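For clarity, every value in this text was computed on a predicted model and none was experimentally measured. Every number for a ligand or one of its atoms is a count from 1 in the order of the listing. Sequence positions, counted from 1, serve as the residue numbers for this chain.
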Amino acid sequence: MLTDKRILLIIAGGIAAFKSLDLIRRLRERGAWVTPVLTRAAEEFVTPLSVSSLAGEKVYRDLFDLTDEAEMGHIQLSRSADLIVVAPGTADLMAKMANGLANDMASTLLLATDTPVLVAPAMNVRMWEHPATQRNLATLRADGVSFVGPNEGDMACGEFGPGRMSEPLEIVAAIEGAMKVGPLSGRRILVTSGPTHEPIDPVRYIANRSSGSQGTAIAEALVAQGADVVFVTGPADAARPHGVHLVEVETAQEMMRAVQGALPVDAAVFSAAVADWRVSSASDSKIKKTKDGLPTLEFAENPDILATVSQMAEGRPDLVVGFAAETDDVIENATAKRLRKGCDWIVANDVSPETGIMGGSENAVTLISDKGAESWPRMSKGEVARQLAERIAKTL
Ligand SMILES: Cc1cc2nc3c(=O)[nH]c(=O)nc-3n(C[C@H](O)[C@H](O)[C@H](O)COP(=O)(O)O)c2cc1C
């Protein structure tokens with residue numbers, strides 16, 4: 001719930017502005033006060049009358065409206081909210097924000113504020129992928145601005161790709177997460193992600209194909225539900241999630257130590273693809289090619305992080321979730337793994353090359369618990385993460 005939370009909602013001039021009308025309704029249903037601000041361009045897409053009617057509050061539009069300055073100046077307006085939400089966030093407004101421009105009501109409020117800001121970008125896929133927009137996104141993230149979406153899908157302009165504004169309920173979840181009032185607020189959750197690298201010598205290592213994208217998505221979905229997330233990642237290709245306590249490691253042994261350092265937690269999600277073995281004969285200097293034959297590598301078993309935490313006699317997390325990446329007999333193997341390790345749930349997936357799951361953007365998982373196996377349809381890794389986070393919130 002968002003009872004009595006004050007949200008300053010800036011609606012910029014994108015085709016997705018119509019969804020912001022529903023967003024206002026959803027926020028008000030949850031008890032929030034919504035003060036709307038429309039850019040000049042936004043008025044081409046939604047009328048000030050419909051926005052103010054739904055919000056039940058005056059719409060702020062003009063920086064030079066003297067009455068407003070007398071009632072509540074733009075500085076005070078920018079700081080009186082608990083959160084500023086920009087939805088839709090246009091490429092134009094993101095560019096202004098990233099460069100500190102203040103030439104209309106919306107951009108001036110955003111520059112004058114010390115209130116947290118959440119942006120739901122919405123634009124054509126080419127605009128989103130343009131280096132200028134990606135540069136602005138990186139700048140805004142570095143400035144501490146949070147983002148929800150954009151989603152991938154069919155766009156109003158007939159193209160397909162990332163750029164669609166998140167749905168109103170996804171934005172509501174992100175608002176709750178940003179305000180730490182989501183169902184997981186006050187909960188500390190550990191997520192491990194990515195591959196591990198096990199050195200052979202200073203320049204070579206043994207790795208696996210895990211990209212870390214499912215782990216990143218899970219961490220972001222948990223943050224969106226209000227959780228305090230510790231994210232322990234191996235050297236993954238995927239971007240690091242925002243709003244987490246980040247711990248970067250390289251090897252399985254380092255990951256084990258980082259996990260132990262993060263405890264106690266309410267729940268732990270072990271999505272990292274941890275190497276089962278390390279090279280016990282790893283060399284301190286580069287192994288040279290010689291005429292005397294091939295080098296021999298000796299292996300040692302790595303610590304079993306999932307089993308160790310699942311079987312803790314004291315201080316075990318209330319919920320321990322493991323992942324099983326299998327190529328054969330997925331459900332049978334994952335069911336046996338759950339019992340062998342002692343974890344509560346296993347998220348099983350088929351990582352055979354033909355599925356395109358490892359390193360891809362989609363996943364088809366089976367959730368295995370003491371209630372049996374539940375196969376979910378193939379969906380984006382973001383959606384898998386969102387549904388898993390909801391389950392975790394219901395269970396804790
Ligand atoms: C039909 C139409 C749809 C548009 N949709 C978007 C959009 O989804 N995202 C976007 O960034 N710009 C969009 N634009 C361009 C913006 O309206 C334009 O950049 C404007 O200056 C944004 O102003 P603002 O950021 O002050 O609201 C659209 C323009 C038109 C004519």
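Ligand 1 places these atoms under 4.0 Å from at least one heavy atom of Gly14: 5 (N), 6 (C), 7 (C), 8 (O). Residue Ala12 has at least one heavy-atom neighbour below 4.0 Å for each of these atoms of ligand 1: 27 (O). Residue contact check: Met127 has heavy atoms under 4.0 Å from atoms 10 (C), 11 (O), 12 (N) of ligand 1. Remark: ligand 1 atoms within the under-4.0 Å shell around heavy atoms of Ala41 are 20 (C), 22 (C), 23 (O), 27 (O). Near Thr39, with a cut-off below 4.0 Å to any heavy atom, the atoms of ligand 1 are 24 (P), 26 (O), 27 (O). Below 4.0 Å from some heavy atom of Leu93 lie the following atoms of ligand 1, by number and element: 25 (O). Counting atoms of ligand 1 from 1 in the listed order, those under 4.0 Å from a heavy atom of Asp92 are 19 (O), 22 (C), 23 (O), 24 (P), 25 (O), 26 (O).
Residues Thr366 and Ser375 bring a donor and an acceptor atom of their side chains to less than 3.5 Å of each other.
Ion pair Lys337/Glu326 not flagged as a salt bridge, since none of the NZ, NE, NH1 or NH2 atoms sits closer than 4.0 Å to an Asp/Glu carboxylate oxygen. In this structure, Lys180 does not pair ionically with Glu176, as no charged nitrogen and carboxylate oxygen lie closer than 4.0 Å. Ionic pairing of Glu374 and Lys371 is not present here: no N-O contact between side-chain nitrogen and carboxylate oxygen is shorter than 4.0 angstrom.
With Asn363 contributing its side chain and Val365 its backbone, the two residues share no donor-acceptor pair below 3.5 Å.
What you find for Trp345 and Ser369 is that their closest heavy atoms are CD1-CB, 3.6 Å. Across all their heavy atoms, Leu23 and Ala87 have their closest contact at CD2-CB, 4.1 Å.
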Let's go through Arg278 and Asn302 carefully: what are the C-alpha distance in whole Å and the side-chain angles of both, what is the deciding distance for side chain to side chain donor-acceptor pair (under 3.5 Å) to 0.1 Å, and is it a yes or a no?
CA-CA 6 Å; Arg278 66 179 176 279; Asn302 269 329; 3.0 Å; yes
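Protein heavy atom at the shortest distance from atom 4 (C) of ligand 1 is Phe45 CZ, 3.8 Å. The protein heavy-atom contact nearest to atom 5 (N) of ligand 1 is Ile15 N, 3.5 Å.
Annotation: Asn103, atom CG; neighbour count of heavy atoms from other residues, nucleotides and ligands within 6.0 Å is above 12.
Checking only distances, Ala91 does come within under 3.5 Å of ligand 1, N or O to N or O. In terms of polar-atom proximity, Gly13 is counted as a contact of ligand 1, with an N or O under 3.5 Å from an N or O of the ligand. Of the polar atoms of Ala122, at least one N or O is found under 3.5 Å from an N or O of ligand 1, judged by distance alone. When only interatomic distances are considered, the shortest N/O to N/O separation between Asn124 and ligand 1 does not fall below 3.5 Å.
Within 4.0 Å of atom 31 (C) of ligand 1, not a single protein heavy atom is present. Taking a distance limit of 4.0 Å, we find that atom 13 (C) of ligand 1 is approached by some protein heavy atom.
Put simply, the residue from Val223, Thr216, Ile218 that forms a side chain to side chain contact (heavy atoms under 4.5 Å, CB included) with Glu220 is Thr216.
Under 4.0 Å from ligand 1, not a single heavy atom of Arg40 appears.
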